[in-house]
Structures are given as C-alpha cells and as structure tokens.
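This structure is in structure tokens; I'll ask about it shortly.
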Amino acid sequence: MECIPDEQINLHIYSNNIEYKSNGTKFKFHLINDNIVKSPNFNLEKMNSLEFNISFKLTSIMHNLLMKSSTFITDSNKIYLNTDNEGILAELTDKTKVNIDSYSKIISESFIGNKMENPLAFNFDLFRNISFLKTNEIEVKLNTTRGFIAFIVKDDKY
C-alpha cells in the first residue's frame, strides 16, 4: 500500500483477487485458493510456546556481508550457526561434503544464552529472504534443542 500515492484507496475485492486502479498505478493480487494450497499442518499454540535458549542481534551490515560472501560459496546453500568465545559464528559451507569452499564470520559479538555444543545448520535462503528496509537490526532466536530459528523483525510500527 505504500506504493500508492493517493490518500484514499479503493480496492475491488473479487473471489480470487484484489484489484486497484488509479491514474498511473494499478495492481492485481491473487488470493490463495484453499483447494490448491493446503494449510500447513502445524499447531500455532505449540509454535508460540517454543522456548528459545539463545538470542542475538543481526545488523544489516553483517547481513549484507553474508550476502556478498555467499556469492563465492557456490557449492552449498547452508549456513551453520555456533557460539564462539567472540560471539555468534556463521559459517557458509556444507559439512556433509568434502573439498568444499567455506567462509566463516563472527556475525554478532554478543549473545544471550548458553554456549552451543554443536553448530546448527539452516538453509541459507532463510537469510536471503530477510528484509532490512526500515530497520538496521533484527533479533535472531535459536532453539538449539529442536533446531529452530526465529527472526524478530521490527519494521516501523510492526
């Protein structure tokens, strides 16, 4: 909605899409059909009750550095997170393969929680999808027991 310059917005809502038309701006946003895309099979209460035992701040500067570094680590799409005496260590590699390039960087000099026994592996696309449009840092939370990661993004009033 921030792309629309008008102060008043008139949306047309149809069974499978929402449309907007004005002078110079228009869009059509298709709604998800329940028959095509099934709801994920998870319990929201269970997800909200997850406890995270490590948290740290990831700045947009460190995020950009990871993005740039990932361009030369082409044989892997994994990121390993671990605690280090210096903070949170991120490693772009694939520890299941031999003779693979890698890149390691302390991405946060401090964290809250206990040190990790073993690194946690995540798909690097999770980090590629993070947007720092209106914030300089996000909070990252880890559940090292179950291997979950949560990104808390505070963007303006959201």
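For this chain, numbers begin at 1 and follow the sequence in order. Predicted model only: the values in this text are computed from it and were never measured.
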Report task. Rounded to the nearest 0.5 Å, what's the gap from CG on Asn16 to CZ on Phe29? Could you check? Result ->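 CZ of Phe29 is found 11.5 Å from CG of Asn16.
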Query raised in the report: Stepwise, does the side chain to side chain contact (heavy atoms under 4.5 Å, CB included) test hold for Lys105 with Met62?
Result: CA-CA 9 Å; Lys105 176 72 178 158; Met62 282 299 152; 3.9 Å; yes
**Report entry** Distance, nearest 0.5 Å, that separates CD of Glu19 from NZ of Lys28
**Finding:**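 Between Glu19 CD and Lys28 NZ, I get 4.5 Å after rounding to 0.5 Å.
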Report task. Evaluate the side-chain hydrogen bond (donor to acceptor under 3.5 Å, both in side chains) criterion for residues Lys115 and Asn85: first the C-alpha distance (whole Å), next the side-chain angles of each, then the deciding distance (0.1 Å), finally the verdict. Result -> CA-CA 9 Å; Lys115 288 190 172 191; Asn85 290 336; 2.5 Å; yes
**Report entry** side chain to side chain contact (heavy atoms under 4.5 Å, CB included) evaluation trace for Thr145 with Phe52
**Finding:** CA-CA 9 Å; Thr145 307; Phe52 296 95; over 6 Å; no
Requested in this report: Measure the spacing between NE2 of His30 and CD1 of Ile18 and express it to the nearest 0.5 Å.
Outcome: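 Atom-to-atom, His30:NE2 and Ile18:CD1 are 11.0 Å apart.
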Query raised in the report: Is any side-chain heavy atom of Asn136 closer than 4.5 Å to a side-chain heavy atom of Ile61?
Result: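 Asn136 vs Ile61: side chains apart.
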Requested in this report: Before giving the answer on side chain to side chain contact (heavy atoms under 4.5 Å, CB included), spell out for Glu139 and Lys57 the whole-Å C-alpha distance, their side-chain angles and the decisive distance to 0.1 Å.
Outcome: CA-CA 5 Å; Glu139 184 180 4; Lys57 302 288 186 188; 4.2 Å; yes
Which donor-acceptor pairs under 3.5 Å do the side chains of residues 63-76 make with protein atoms, sequence neighbours left out?
{"from": "His63", "atom 1": "NE2", "to": "Phe127", "atom 2": "O", "distance (Å)": "2.6"}
{"from": "Asn64", "atom 1": "ND2", "to": "Ser60", "atom 2": "O", "distance (Å)": "3.3"}
{"from": "Ser69", "atom 1": "OG", "to": "Leu65", "atom 2": "O", "distance (Å)": "2.8"}
{"from": "Ser70", "atom 1": "OG", "to": "Met67", "atom 2": "O", "distance (Å)": "2.7"}
{"from": "Thr71", "atom 1": "OG1", "to": "Lys68", "atom 2": "O", "distance (Å)": "2.6"}
{"from": "Ser76", "atom 1": "OG", "to": "Lys78", "atom 2": "N", "distance (Å)": "3.1"}
{"from": "Ser76", "atom 1": "OG", "to": "Thr93", "atom 2": "O", "distance (Å)": "2.6"}

**Report entry** Same cluster (ILVMFWY, side-chain, under 4.5 Å), Leu81 and Leu126
**Finding:**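 As far as the 4.5 Å side-chain criterion goes, Leu126 and Leu81 are connected within one cluster.
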Query raised in the report: How long is the span from the CZ atom in Phe56 to the CD1 atom in Ile88, to the nearest 0.5 Å?
Result: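 Output value for this atom pair is 5.0 Å.
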Query raised in the report: Quick one: hydrophobic cluster around Leu89, which other residues, with the 4.5 Å side-chain cut-off, linked directly or via members?
Result: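 Once heavy-atom contacts under 4.5 Å are chained together, Leu89 belongs with Ile106.
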Report task. Could you walk me through whether Asn123 and Arg128 pass side-chain hydrogen bond (donor to acceptor under 3.5 Å, both in side chains), step by step? Result -> CA-CA 9 Å; Asn123 187 311; Arg128 282 190 179 96; 5.4 Å; no
Report task. Check Leu120, Thr83, Asn143, Val140 against Ile54 for a side chain to side chain contact (heavy atoms under 4.5 Å, CB included) and give me the one that passes. Result ->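 Answer after filtering Leu120, Thr83, Asn143, Val140: Thr83.
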Report task. Can you measure from CD1 (Ile100) to CG (Leu92) and round to the nearest 0.5 angstrom? Result ->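 If I round to the nearest 0.5 Å, the distance is 10.5 Å.
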Query raised in the report: Just wondering, do Ile152 and Ile138 contact through their side chains at under 4.5 Å, heavy atoms?
Result: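 Not touching, per the 4.5 Å side-chain cut-off.
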Query raised in the report: Going hydrophobic residue to hydrophobic residue with side-chain gaps under 4.5 angstrom, can you get from Phe148 over to Phe111?
Result: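 Each belongs to a different hydrophobic cluster.
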**Report entry** Over 12 foreign heavy atoms within 6.0 Å of CG, Asn10
**Finding:**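 No, because the 6.0 Å sphere around CG of Asn10 holds 12 heavy atoms or fewer from other groups.
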Report task. Could you grab the distance from atom CD of Glu91 to atom CG of Asp94, nearest 0.5 Å is fine? Result ->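 Rounded to the nearest 0.5 Å, the CD-CG separation comes to 10.5 Å.
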Query - Joint hydrophobic cluster, Ile13 plus Phe27, side-chain heavy atoms closer than 4.5 Å - result: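 Looking at the clustering, Phe27 is in the same group as Ile13.
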**Report entry** Whether over 12 other heavy atoms sit under 6.0 Å from Lys95 NZ
**Finding:**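 It does: Lys95 NZ has more than 12 such atoms within range.
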Requested in this report: Assess whether side-chain hydrogen bond (donor to acceptor under 3.5 Å, both in side chains) is satisfied between Asn114 and Asn53, documenting all intermediate values.
Outcome: CA-CA 7 Å; Asn114 299 325; Asn53 54 332; over 6 Å; no
**Report entry** Tyr80 with Ile107, same ILVMFWY side-chain cluster at under 4.5 Å
**Finding:**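 No, separate clusters.
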